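Quick notes on the structure that follows.
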Amino acid sequence: MDKTFQPAAIETRWYQEWEASGYFAPQGGENAYSIMIPPPNVTGSLHMGHGFQEAIMDALIRYHRMLGDNTLWQVGTDHAGIATQMVVERQLEAQGINRHDLGREKFIEKVWQWKEESGGTITRQLRRLGSSLDWSRERFTMDAGLSAAVQEVFIRLYREGLIYRGQRLVNWDPALHTAISDLEVISEDEPGHLWHFNYPLAGAEGHVTVATTRPETMLGDAAVAVHPEDERFAHLIGRMVQLPLCDRLIPVIADEYVDREFGTGCVKITPAHDFNDYEVGRRHGLPMLNIFNDHAAISDKAPPAYRGLDRFKARERVIADMTALGLLDKVDEHRLNVPRGDRSGVVIEPYLTDQWYVDARKLAKPAIEAVENGAIQFVPRQWENTYFAWMRDIQDWCISRQLWWGHRIPAWYDAQGAIYVGDSEAAVREEHALGKDVVLRQDEDVLDTWFSSALWTFSTLGWPAETEELAVFHPSTVLVTGFDIIFFWVARMIMMTLHLRQEVPFHTVYVHGLVRDGEGQKMSKSKGNVIDPIDLIDGIGLEELIRKRTTGLMQPQLAAKIEKATRRQFPDGIAPYGTDALRFTYYSLASTGRDIKFDLGRIEGYRNFCNKIWNAARYVLMNCENEDCGTGPGSRVELSLADRWISGKVQETAAQVARAIDNYRFDLASQALYEFIWNEYCDWYLELSKPILWDADASLDAKRGTRQTLIRVLEIWLRLLHPLMPFITEEIWQVISPLAGKTGPTIMLQPYPQAGDGDIDTRAHQDIEWLKAVILGIRNIRGEMNIPPGKELSVLLRNGNQTDQLRLAENSQYLKKLAKLADIRWLSQDVEAPMAATALAGELEILVPMAGLIDKEAENARLKKEIGKLESDLIRLQGKLSNTAFIAKAPVEVVAKEQEKMQAQQQALQTLREQLQRIQEI
RNA sequence: AGGACUAUAGCUCAGCUGGUUAGAGCGCUACCUUGACAUGGUAGAGGUCCCCGGUUCGAGUCCGGGUAGUCCUACCA
């Protein structure tokens, strides 16, 4: 074994071995445990959020696999309609063509090509993380099977009246030329203006003044609205105004929607271009005048002067023309929320079109109940509120997209516009007995990507066929996901699955936080603060990192700033930390209900932890290889105090880890393992093994006992740790497991250690705590007195009870070795103590004689510090115990405990004071 | 506007159903190349638990009200 742990040397090798051996596939077992991976974009690449999420899922999967559950981690990718189509369109753009030049069929071919080309990236990266996904069942949302499921669902829901086609105002993306759902619109506060326009009254003097943030929409105005109880305008209701620039008359109407306080109290109503106005228009039977085309340029419905103008150009023109007419009253600065497409970034236009919708309200009801009655539980709980709030006010879901890449809608239209929904054109013709003379045209649109994602938990298992996999693995056990897709995905999965299968898609939803950078900023390409998890595993040079962060920017002018920040933050690039360290970092930060800031210091610490593990194993191997480890049958062993103690400790740790993982507290699991391995096993147990292994006088039974315990406990905690750190544990386990008498091809399929109380030796625990206290006392004196570490000391103990004396007799070997002592003896009470530095372990007094060693002033100061601490503590305790209310009302155990504490403190204080006095008398 | 979450050491975070001397890692200080490990060891410094009230014998922990930050949802043209 190398002196330092080299992750790169082992990770890929082990992953290939595991995969080739089929260990990731379900291994049978009574209890099924399944997780469906949130399918990443097939042409995407891994980011920190994936890394975090996969790490959590893999820990759960490996844990349950080792528990003997029939464990399936379903893998697959998503076709990601808009995102993928955009990438390919950009590629075409670089060649100076667009998708229409190619035509639909050729274009889709191109996209498939791109999928084949780049589709391996994300799956390769998932492998690098050690994710034990069942690759033999990999699925893609546009596979034949899944596509058939999508079509089946569409047809069923259509026939049940839960999918319908309708003309509504949708969120229109003028750059992508498609409708998008409410969820794909991001509204942000932006600076803008509020223009005040005067609309002249028809057939009379005077005017009404309306305020608008979007002057160009006035070309589509259908009315001016005032509040029905607004006295200022009551006399205008029912009258007509002259719509400037358009030569039309529009009515003044009364509607409660109007806020009297805002603007002028008069609102121009543009039913075809504003969601609120649309509702007002419907209430009042106003005409819906669509003044835009698909590109959001002015259409032929508007006056000729504006036709063909882009919406922003049209805005300038309208303002100029209104100003020229003297109808611009004033312009105010105004902040407003601007809706933008989450993909394209352009301003979204409310736009009147025919689209397909899912009647979400009906589907939502059982989905709400499933969470209310606990059939599905969110972890942490508070996300249920978010879910309820959205579900109880759910809007119909617009599922058609004017794209080419996706599941085409199985609907056909005849010349009259009648709709036929079915499996294929032939099926539709047959079903409706349509003659050859009837010309059918298939709907051009495809379905929202999330439509197929919503079926993910069961479509991947072979639905609509009732497969065995469905029977065994559905509902899945837990969904691991980020809160950002609760609405997009989680809610829709629940609705669809309940409706189509009358069962929940999963029992638990574990919602994790967002991974942010060290400053708490969201990681994004445009901010240039993205860290690629693979770069943390393999390392990356500074120049390469800068290149990655500054190429392909939407705003190239940011490159210099990004470069500067990167140079400052990573002056030496990023060191290679390995997968296990990265994963452990994720776990350590994965407490519930908060985002995580990714701190490089942390991963470095866990890289060191890997090295610690590595070297602990080296030590064990060094002492056990080719030695009698007492694993043979009938082998005689004698277990030392330390052996018995560490055997109990590892059991306690097993219990803690199991409880933590069962509660999705990976931070607590990782912490328990870290503390046990480093602070107990390495710091104490390995040190305590040395006096026995290196003692020529120690019995063979004792040596066997210690070797057996060294190897046995190591083997146990490797298994405990394996779900979190798969690679290093496998590498070491392969070498040491034979010494522990274990057989098996891989640690992956070994049983997960179960805590058993039988192994916990309370007496040994107390003895070791005593031992630690004495050693710490001596080390403290050594450290504070600046006694050279190499200097062997003679130490005296006194003032303890019989147990202390017994413990001294039993443990002097340990004490000598660990505290570097020449000698340690009991000093009887009647003998005058030499001048010495003193420490306390409970009542036991530890004396380090001063002769030639101890600086009087230093000891003076040290004692005073200790006394000061005790005194302030005592004051607090005395105050508490002299409070009659406390004595009367607190539980007796608490009072007794405090009293005991006070007595101990008083005794300690007295001892130290005496000691101080003697020091000062010298 | 409504809602959620967060506030604990210089930094990143634990602290479970109220009772410890409030913890860990990183960083910092001093000493140490001792035969697993300098990606190490030993010792140490460092906290008004955001503020104000309340409940309680007792509050970092529970309740109310603030302040600051993050986010979500819905939005006034």
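Reminder, nothing fancy here: chain letters follow the sequence lines and each chain counts from 1. All values reported here derive from a predicted model rather than from experimental measurement.
For the pair His273(A) and A77(B), the criterion of a side-chain N or O lying under 4.0 Å from OP1 or OP2 is not met. Applying the 4.0 Å criterion to OP1 and OP2 of G15(B), one finds that Arg665(A) has a side-chain N or O inside that range. Lys690(A) has a side-chain polar atom (N or O) that falls below the 4.0 Å cut-off from OP1 or OP2 of A36(B).
Rounded to a whole angstrom, the distance from the P atom of C63(B) to that of G27(B) is 38 Å. Distance noted for atom C1' between U34(B) and U42(B): 12 Å (whole Å). Across A30(B) and U17(B), the matching C1' atoms stand 43 Å from one another, rounded to whole Å. Straight-line distance between the P atoms of A7(B) and G15(B): roughly 10 Å, to the nearest whole Å.
The distance from atom NE2 of His334(A) to atom C1' of A77(B) is 8 Å, rounded to the nearest whole Å. When rounded to the nearest whole Å, the span between CD1 of Ile394(A) and C1' of U73(B) equals 13 Å. Taking atom CD of Gln656(A) as the reference point, atom P of C16(B) lies 15 Å away to the nearest angstrom. We find that CZ of Phe487(A) is positioned 10 Å from P of C72(B), with the value rounded to whole Å. Atoms CZ (Arg618(A)) and C1' (A38(B)) sit 13 Å apart, rounded to a whole Å.
Judged by atom type and distance alone, Glu687(A) reaches the base of A36(B) through a side-chain donor-acceptor pair under 3.5 Å.
Closest to the Phe483(A) side chain, of the nucleotides C71(B), A4(B), A77(B), is C71(B).
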Which letters describe nucleotides 39-49 of chain B, given B = protein heavy atom under 4.0 Å from base, S = only from sugar-phosphate, - = neither?
BSSSSSS----
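Checked by atom type, the side-chain pair Glu675(A)/Gln671(A) shows a donor-acceptor distance below 3.5 Å.
Within residues 872-881 of chain A, the residues approached by RNA chain B to less than 4.0 Å at the level of any non-hydrogen atom are Asp873(A), Arg876(A), in residue-number order.
Under the salt bridge (Lys or Arg N to Asp or Glu O under 4.0 Å) criterion, Arg782(A) pairs with no residue, sequence neighbours left out.
Annotation: of the two residues near RNA chain B, Leu194(A) and Arg516(A), the 5′-most nearest-nucleotide partner is Arg516(A). Closest-nucleotide positions on RNA chain B for Glu261(A) and Cys682(A) were compared, and the one nearer the 5' end corresponds to Cys682(A).
Taking the side chain as every heavy atom from C-beta outward, Tyr814(A) and Ile775(A) never approach each other to under 4.5 Å.
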